[in-house]
Amino acid sequence: MVKTDFIPLDYDNFDFNGKNYIRMIGRNSKGKSLCVIDTCQVYLWAVLKSPLALSKEKINSLIEKIKKIQLDIKGRKTKVENVEIHEKKFLGRSVKALKIFATNYKDLHGIASELDFKEIECRRGHDLGFVTHYIIEKKISPLNWYEISGEFAGAEFQGIENLDVDSCIVLESSKEIPLEKAPNFKPKVLSYDIETDGIKIGEGEILMVSLSGEKFKKVITWKKSESVSNRRVGNKKAVLDYVEYVKDEAELIEKFVESVKEFSPDFLVGYFSDGFDLPYLRARAQKLGVPLALGIDGSQPRFSRSGVRGGFTAKISGVVHIDILKFIQTAYSQYMQSETLSLKEVSKEFLGDTKKDFKIEHSSKIQTSKHWEEYYEYCLQDSFLTLGLFEKMWQDLLGFTHVIQEPIFDISRNGMSSNVEDFLIHNLERFNEIPEKRPTHDEIGSRRQREKYVGAFVFEPIPGLYENISVFDFTSFWPSIIVTFNLSKSTLLKQKEKNSVEAEVLDKKVYFTKTPGFFPELLKEIVLKRKQYKKELAQSKTQDAIKKARSNAYKLLANASYGYMGFFGARYYCPEASGAATAISRRFIKETIDKIDHAGYKTIYSDTDSIALLMNKRKESQILKFLEKLNSDLPGIMELELEGFFKRGIWVTKRAGGIGAKKKYALIDKKGKLKIRGFETVRRDWCPLARQVQNNIIRQVLEDGNEKQSLKYVKEIVKKIKQRGVDKKDLIIKTMLQKPLDEYKAISPHVIAARKMKDLGLPSSVGSLIEYYISEPAGVRGMKKALVRDRVKLPGEPGEYDIDYYLEHQILPAVENIFQVFDVNIKEVLDGKRQTTLGDF
DNA sequence: GAGCTCTTCTTACC
DNA sequence: ACTGGTAAGAAGAGCTC
């Protein structure tokens, strides 16, 4: 009998003698690596039809029939091992359900299809996956500490003796160690990055691979210039001591595997490594006939297509492979400043550090040793940054894993809807709930065709410059509504009951019970967590990007639960509930606006959960008191808070129609800090010049309260453009290619640019940012007949920029609505000037 | 072919 | 296909006279 503490990091399953086993890989507090083998009962639920028609005898005879079920699936004998009857809940409803135990989890589907009895309403719980089922059943959750005991695994499991771990234990009992007594877990992390000739997977050669860990850095390469190899003569190694030379690409791969094994990381981390580094390594290893035996059992990485957008996920047995880009995408990207999720931008935002300046060239063009050394450094820096990002995000990965309780491999890759769902699935037992099934292909099809329900309310602002503005917003608006009004699939009523919640969705009334459902109850826990992190963020003195990110990550998880109910792929899909949430949201925001206006303030803008109001000479303390009063009228966990006080704000007209534009405004606080929303300044599909000019003007106007300075400034800029004094890089327009080139019906400028790139053999796949500028039309200047797309040129293409295009389609549209607020028609002002200059000629 | 509206597409806001 | 709806705005597509 062995006893030890244990933290599971990775979960895998295998079959042995027809039964399912779990293999957990983790560590103990002494840092030894452990493999823990366990098994659990597998079963599915058969929910019985309304109990009234079912006598005890009927149920017993049904059970007897079910017990006789035997199957032979692909030579695997499986049968119903036992049947029990339980009082359960299904979608909040009390039901009698049969717990049907079977030999092998994989056969539950087969068993389910044999359960064709009229007494059975539905079959559930067989589509969770064995790992999820195991975690629920045995309550051994990833990244939690346990006191475990068992026996050392002998030869009874084939191949187990070849596992590269310190010991292997067959689990007998386990006990969770409470958080306050749990050992500290510091993961062993190794990051990696490869450099290749050619972007297409496996097409070129791998030139080098870098590895970064704590007190560890290495670049393995077989590429060097003659002068470099000369330096190795005698005792002297390469100038950069972390560079390890090998003889060829095959040996590079071998050395890489060896180095990873030697370091023995818990986490092997890459950046876009599911989509690039690991598939590339695999392709080259295959081609060269070298095994990429990274797994602790000597296995190669397993790729599956279950990932997002047809991409791959790459799993290494016993080592948790993390593609940190995927986690950034789901957990942080919405709130990030970076315009792309390139390692360069992201590391700058989170680490303040960035990639080395280096122009990647084909290896044949790299001749000098200095040039190669720069390349090594560049490669090392990339894995160094990747490591830094993982370390920054570790707390959130840990937090998410604890809350959601799925293995971190999945947590780090799944979208928010899966995270919400996994969180629900792992907490159903507390409510005695049987899990709902995944929608079928057909259900998804019809759900996707459903009519859109009405969303949030957006206030039409009156364009103008305003002074002394307060902004209120509802904290966790959607979750607070869902929790307060108990909205969910399981609380939806078929018809009105007395004392039920009522809302109108698509001209139909929907009703929800007030008996708390598991979905709103669980959501409440997330909201509270988010509240705690937000408080910690507010209390921290330092500007900590990751604290902010964490707070936002929980906000995302909470907010996603609203979207989740309207998402066609959800188990707990309920558009009535999301629709009711938006209906209720509109009611509350409008009521609050009314109260604000009746109290002698004036609402100038509102979008979804926030309201901007004029303070009308009242003091901040009075505003806060008023806010308290508004709060005292709010039900449940709904809460209105102060977003901030602002010195000035500007709202502009729409380009067409002359009415106030929604989702476009700018505010300045007393410290001079700007908050700009929706303006071209924040849009990446406008050229940098237009964005900078608009940003400067917004700042000046909000600081000064008038347009005088800005007018001068714009005139200067216009002059500079006309004199061709603008740097081309400030005129580059970036647009993302959202689908394959040939799927575009409308041939817009960025499609033309992407075609040009394709013709030049440049990579332009779905998701890449296409860059271009608009050049002077061929022929006479001023001839405006040509379509914009006919004047598109790639940044590298020689040509002059089109003065008229940049004036009339970039600079003017970006500034004219702002000047209009001051009754200045900037077009006329500039035209007037232009006419005089023309007259001068 | 000028001038208009409609459609497609991208990106923002919350 | 991988949370929801609301909205602005550019440019091409397509229509009418």
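Residue numbers begin at 1 in each chain, while the letters A, B, ... track the order of the sequences.
The base of C:dT3 sits within donor-acceptor range of the side chain of A:Gln334, with an N or O pair under 3.5 Å.
Listed here is the closest heavy atom pair of A:Ser273 and A:Ile322: OG-O, 3.8 Å.
The side chain of A:Arg684 approaches B:dA12 more closely than any other nucleotide in the set B:dC14, B:dA12, C:dG9. Closest to the side chain of A:Thr735, from the set C:dG5, B:dT10, C:dA10, is B:dT10. Of the candidate nucleotides B:dC13, B:dA12, C:dG12, B:dC13 has the atom nearest to the side chain of A:Arg677. The nucleotide whose nearest atom lies closest to any side-chain atom of A:His750 is, among C:dA11, B:dC9, C:dG12, B:dC9.
For the pair A:Lys734 and B:dT10, the criterion of a side-chain N or O lying under 4.0 Å from OP1 or OP2 is not met. Using a 4.0 Å cut-off, some side-chain N or O of A:Lys662 falls inside it from OP1 or OP2 of C:dA7. Using a 4.0 Å cut-off, no side-chain N or O of A:Arg683 falls inside it from OP1 or OP2 of B:dA12. For A:Arg655 and C:dA7, the shortest distance from a side-chain N or O to OP1 or OP2 is not below 4.0 Å. Contact annotation: A:Thr608 side-chain N/O to B:dC14 OP1/OP2 distance is not under 4.0 Å. Within the structure, a side-chain polar atom (N or O) of A:Tyr665 is placed less than 4.0 Å from OP1 or OP2 of B:dC14. Checking the phosphate oxygens (OP1, OP2) of C:dA10, no side-chain nitrogen or oxygen of A:Gln810 falls inside 4.0 Å.
Following rounding to the nearest Å, A:Ile774 (CD1) and C:dA11 (C1') show an atom-to-atom distance of 11 Å. Distance A:Ile482 CD1 to C:dT3 P: 16 Å, rounded to the nearest Å. Computed from coordinates, the A:Ile584 CD1 to C:dG4 C1' distance equals 16 Å when rounded to whole Å. Put simply, CD on A:Gln738 is 12 Å from C1' on B:dA12, counting in whole angstrom units. Atom-to-atom, CD of A:Glu680 to C1' of B:dT10 comes out at 13 Å; the value is rounded to the nearest Å. Rounding to whole angstrom units, CD of residue A:Glu421 and C1' of C:dA1 are separated by 13 Å. C:dC2 atom P lies 14 Å from atom CG of A:Asn414, rounded to whole Å. Rounding to whole angstrom units, CD of residue A:Glu771 and C1' of B:dT10 are separated by 16 Å.
At a threshold of 4.0 Å, the pair A:Glu339-A:Arg691 counts as salt-bridged, since one of the basic side-chain nitrogens sits closer than that to a carboxylate oxygen. Salt bridge A:Asp607/A:Lys663: present, at least one basic N to carboxylate O contact under 4.0 Å. Salt-bridge check for A:Arg791 with A:Asp804: failed, with every basic side-chain N at 4.0 Å or more from each acidic carboxylate O.
By the salt bridge (Lys or Arg N to Asp or Glu O under 4.0 Å) test, A:Glu680 is found to be paired with A:Arg655, A:Lys664, residues two or more places apart in sequence or in another chain being considered.
Between A:Lys654 and A:Thr330, the one whose closest nucleotide on DNA chain C sits nearer the 5' end is A:Thr330.
For the ring-ring contact (aromatic ring centres under 6.0 Å, His included) criterion with A:Tyr572, the lone passing option out of A:Phe518, A:Phe567, A:Phe519 is A:Phe518.
Remark: A:Asp422 CG to A:Gln405 CD distance equals 10.0 Å, nearest 0.5 Å.
Within residues 562-575 of chain A, no residue has a heavy atom under 4.0 Å from DNA chain B. For DNA chain C, the residues of residues 441-464 of chain A within the heavy-atom distance limit of 4.0 Å (strictly under) are A:Arg448, A:Arg450, A:Lys452, A:Tyr453, A:Val454, A:Gly455, A:Ala456, A:Val458, sorted by number.
Residue A:Lys595 qualifies as enclosed at atom NZ: its count of foreign heavy atoms under 6.0 Å is above 12. In this structure, A:Phe272 places its CZ atom where only 12 or fewer heavy-atom neighbours from other residues, nucleotides or ligands lie under 6.0 Å away.
Residue A:Ser578 is out of contact with every strand shown, counting any heavy-atom pair closer than 4.0 Å.
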Tabulate below the donor-acceptor pairs under 3.5 Å that side-chain atoms of residues 730-743 of chain A make, not counting sequence neighbours, or state none.
none

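In this structure, A:His321 and A:Arg413 have side chains that are in contact, with non-hydrogen atoms separated by less than 4.5 Å.
Aromatic ring centroids of A:Tyr665 and A:Tyr605 lie under 6.0 Å apart.
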Quick tally for nucleotides 3-8 of chain B: nucleotides whose base has a protein heavy atom under 4.0 Å get B, sugar-phosphate-only ones S, the rest -, giving -----S

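Under the salt bridge (Lys or Arg N to Asp or Glu O under 4.0 Å) criterion, the residue pairs touching residues 438-448 of chain A are A:Lys437-A:Glu443, with sequence neighbours excluded.
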